[in-house]
Engineer: 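Please see the structure below; I have some questions.
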Amino acid sequence: MMRILLFLATNVAVMIVISILFNLLGLTGYINAQGGIDLGQLLMMSAVIGVTGSVISLAMSKMMAKRSMGVQVIEQPQNQTEKWLIDVVTKQAQKAGIGMPEVGIFQAPVANAFATGMNRNNALVAVSTGLLQSMTPDEVEAVVGHEITHVANGDMVTMALMQGVLNTFVYFFATIIGHVVDRALSGDNERGGFGMGYYIVQMIAQVALGFLASMLVCWFSRHREFHADAGGANLAGKEKMIGALRALQRGHEAEELPGQFAAFGINGGGIQKLFMTHPPLEERIAALQNNK
């Protein structure tokens with residue numbers, strides 16, 4: 001709740017700063033002179049549009065994970081592996097000071113795992129069958145510690161709120177750009193409504209600004225991975241965490257987890273580093289080795 005309140009306060013503060021800057025630079029008068037747009041209303045609408053999707057996505061994240069990834073939540077352990085996994089999560093959740101997460105397994109040949117959920121005391125930690133089959137118990141324990149740390153640090157909430165803020169300003173500035181270009185192309189500041197140029201330019205601007213926003217989100221995700229690795233090392237042991245990352249290096253190239261789950265997986269990648277949700281494994285191993 002505190003993160004959400006801080007997020008709302010930050011959003012309001014940034015909107016106030018933008019309003020002040022627009023007034024100081026004379027942009028408010030310029031835009032008002034063109035007609036057809038109210039900056040105050042646009043800021044509020046942008047915040048609603050930007051934040052609503054992220055908050056809804058976060059609230060539905062556990063249900064989405066179970067359906068899209070086919071996660072089977074362990075209600076009653078059916079074998080020794082499931083019992084052991086529950087015991088590991090229980091021990092680490094207590095050590096991290098969070099509520100017991102739901103624990104699940106999803107079918108995937110590659111080694112992977114992720115955490116999700118809106119509340120650090122009501123999260124979901126899921127591991128793949130490939131991870132359980134290809135890693136040693138010590139390595140799996142470290143992977144679980146990595147995911148538990150994501151939950152304990154509130155990374156899911158922070159990432160969703162960050163995405164919401166960026167969505168707000170992507171929509172806001174894309175609308176401003178679309179409006180200005182539309183008026184410039186039409187040469188008519190008196191007509192009401194928006195021309196076709198507005199919709200085309202606004203859409204293009206949203207795509208372009210969205211790429212920049214994605215770069216920031218991916219940068220933050222990579223930054224949090226180092227913290228999650230350090231947390232996994234603290235919960236399970238540094239050598240176990242390093243061993244788990246080396247096991248990922250030895251394994252096949254991991255498949256990307258879909259959508260938001262990629263940001264909190266143990267492994268991930270991308271075509272370009274700027275759009276990778278995870279740092280290269282060698283950098284993560286080096287960071288742990290250099291952390292005395």
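Residues: numbered from 1 along the sequence shown. What you see below is based on every heavy atom in this structure, not just the backbone, and it leaves out hydrogens, waters and symmetry mates.
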Engineer: Does Gln107 form a side-chain contact (heavy atoms from CB on, under 4.5 Å) with Met69? I'd like the steps, not just the answer.
Structural biologist: CA-CA 8 Å; Gln107 295 290 327; Met69 300 297 297; over 6 Å; no

Engineer: Is the shortest heavy-atom distance from the side chain of Asn167 to the side chain of Ile49 under 4.5 Å?
Structural biologist: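 Sidechains of Ile49 and Asn167: no contact.
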
Engineer: Please determine whether residues Ile56 and Met63 belong to a single hydrophobic cluster, defined as Ile, Leu, Val, Met, Phe, Trp and Tyr linked transitively by side-chain heavy-atom distances below 4.5 Å.
Structural biologist: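 Shared cluster, yes.
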
Engineer: With a 4.5 Å heavy-atom cut-off, do Phe114 and His150 have their side chains touching?
Structural biologist: no

Engineer: Examine distances only and state if a side-chain atom of Lys95 and a backbone atom of Asn234 form a donor-acceptor pair shorter than 3.5 Å.
Structural biologist: yes

Engineer: Can you list the residues that meet the salt bridge (charged side-chain N to carboxylate O under 4.0 Å, His left out) rule with Glu139, with sequence neighbours excluded?
Structural biologist: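 Salt bridge (charged side-chain N to carboxylate O under 4.0 Å, His left out) check on Glu139 returns Arg250.
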
Engineer: With heavy-atom distances below 4.5 Å as the criterion, would you say the side chains of Glu102 and Val71 are in contact?
Structural biologist: no

Engineer: Check whether Met276 and Phe226 end up in the same hydrophobic cluster, where Ile, Leu, Val, Met, Phe, Trp and Tyr are linked by side-chain heavy atoms less than 4.5 Å apart.
Structural biologist: no

Engineer: Are the side chains of Ile176 and Leu42 in contact, using a 4.5 Å heavy-atom criterion?
Structural biologist: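 Yes, at least one pair of side-chain atoms sits under 4.5 Å.
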
Engineer: Has Ser61 got a side-chain atom pairing as donor or acceptor with Leu58's backbone, closer than 3.5 angstrom?
Structural biologist: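 The answer is yes, because a donor-acceptor pair under 3.5 Å joins these two groups.
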
Engineer: Using the six-membered ring wherever Trp is involved, compare the ring planes of Phe169 and Phe173 and label them parallel, tilted or perpendicular (cut-offs 30° and 60°).
Structural biologist: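 Rings of Phe169 and Phe173: tilted, as their planes differ by 30° to 60°.
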
Engineer: How far does CD1 of Ile177 sit from CZ of Phe172, to the nearest 0.5 angstrom?
Structural biologist: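 Rounded to the nearest 0.5 Å, the CD1-CZ separation comes out at 10.5 Å.
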
Engineer: So which atom in Asn112 and which in Leu131 form the shortest heavy-atom distance, rounded to 0.1 Å?
Structural biologist: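 Looks like O-CD1, 3.6 Å.
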
Engineer: Quick one: are Tyr171 and Gln206 in side-chain contact, heavy atoms under 4.5 Å?
Structural biologist: yes

Engineer: Could you tell me whether a side-chain N or O of Asn153 sits under 3.5 Å from a main-chain N or O of Asp155, the two making a donor and an acceptor?
Structural biologist: no

Engineer: Distance check, rounded to the nearest 0.5 Å: Leu245 atom CG versus His278 atom NE2?
Structural biologist: 10.0 Å

Engineer: Would a single hydrophobic cluster contain both Leu166 and Val48, if residues Ile, Leu, Val, Met, Phe, Trp and Tyr are joined by side-chain heavy-atom contacts under 4.5 Å?
Structural biologist: no

Engineer: In terms of side-chain heavy atoms, does His146 have a donor or acceptor partner in Glu225 at a distance below 3.5 Å?
Structural biologist: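 Yes, because at least one side-chain N or O of His146 sits under 3.5 Å from a partner of the opposite role on Glu225.
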
Engineer: What verdict does the side-chain contact (heavy atoms from CB on, under 4.5 Å) test give for Met162 and Phe220, after you've listed the backbone C-alpha separation in whole Å, the side-chain angles of each residue and the deciding distance to 0.1 Å?
Structural biologist: CA-CA 9 Å; Met162 180 181 182; Phe220 184 76; 3.6 Å; yes

Engineer: Would you please test Asp182 and Val201 for side-chain contact (heavy atoms from CB on, under 4.5 Å) and show each step?
Structural biologist: CA-CA 8 Å; Asp182 179 52; Val201 174; over 6 Å; no

Engineer: Could you measure the distance from the CG atom of Asp229 to the CD1 atom of Ile242? Nearest 0.5 Å is fine.
Structural biologist: 9.5 Å

Engineer: Can you find a heavy atom in the side chain of Thr116 that is under 4.5 Å from one in the side chain of Met64?
Structural biologist: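 Result no, sub-4.5 Å side-chain heavy-atom pair not found.
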
Engineer: Where do Ala115 and Val151 come nearest, in terms of heavy atoms and distance?
Structural biologist: CB-CG2, 3.7 Å

Engineer: How long is the span from the CE atom in Met241 to the CG atom in Asp138, to the nearest 0.5 Å?
Structural biologist: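 With rounding to 0.5 Å, CE (Met241) is 12.0 Å from CG (Asp138).
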
Engineer: If you compare all heavy atoms of Ala65 against all heavy atoms of Leu124, which two are closest, and at what distance to 0.1 Å?
Structural biologist: CB-CD2, 4.0 Å

Engineer: Quick check: closest heavy atoms across Met118 and Val55, and the distance to 0.1 Å?
Structural biologist: CE-CG1, 4.4 Å

Engineer: Look at the side-chain heavy atoms of Ile, Leu, Val, Met, Phe, Trp and Tyr, link any pair under 4.5 Å apart, and say whether Val143 and Met100 land in one connected group.
Structural biologist: yes

Engineer: Looking at Glu82, I want to see if its CD is surrounded by more than 12 non-hydrogen atoms of other residues, nucleotides or ligands under 6.0 Å.
Structural biologist: yes

Engineer: For side-chain contact (heavy atoms from CB on, under 4.5 Å), just list the numbers for Val89 and Ile148, CA-CA rounded to whole Å, side-chain angles, deciding distance to a tenth of an Å, and then say yes or no.
Structural biologist: CA-CA 8 Å; Val89 174; Ile148 290 292; 4.1 Å; yes

Engineer: State whether Glu282 and Arg246 are salt-bridged, where the test is any N-O pair (Lys NZ or Arg NE/NH1/NH2 against Asp/Glu carboxylate O) under 4.0 Å.
Structural biologist: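 Salt bridge: no.
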
Engineer: Does Arg120 use its side chain to pair, donor to acceptor, with the backbone of Ile98 at less than 3.5 Å?
Structural biologist: no

Engineer: With the side chain counted from C-beta on, respond yes when Val73 and Lys66 share a heavy-atom pair under 4.5 Å apart, and no when they do not.
Structural biologist: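 Counting from C-beta outward, Val73 and Lys66 do come under 4.5 Å.
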
Engineer: Looking at every non-hydrogen atom in both residues, tell me the closest pair between Leu235 and Gly145 and how far apart they are.
Structural biologist: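 Where Leu235 meets Gly145 most closely, the heavy atoms are CD1-O, 3.6 Å.
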
Engineer: So, the side chain of Gln78 versus the backbone of Gln76: is there a donor-acceptor pair under 3.5 Å, distance only?
Structural biologist: yes

Engineer: As an exercise, state the distance from CZ of Arg224 to CE of Met156, rounded to the nearest 0.5 Å.
Structural biologist: 11.0 Å

Engineer: What is the minimum heavy-atom distance between Val110 and Ser128, and which atoms define it?
Structural biologist: O-OG, 2.7 Å

Engineer: Drop me the distance from Trp219's CH2 to Ser214's OG, to the nearest 0.5 angstrom.
Structural biologist: 15.0 Å

Engineer: Hey, does the side chain of Glu147 reach the backbone of Ala228 with a donor-acceptor pair shorter than 3.5 angstrom?
Structural biologist: no

Engineer: Could you work out, with side chain to side chain donor-acceptor pair (under 3.5 Å) as the rule, every residue matching Lys83, not counting sequence neighbours?
Structural biologist: Asp87

Engineer: Does any N or O in the side chain of Thr158 come within less than 3.5 Å of the main-chain N or O of Gly154, such that one atom is a donor and the other an acceptor?
Structural biologist: yes

Engineer: Does Leu209 belong to the same Ile/Leu/Val/Met/Phe/Trp/Tyr cluster as Met203, with side-chain heavy atoms less than 4.5 Å apart forming each link?
Structural biologist: no

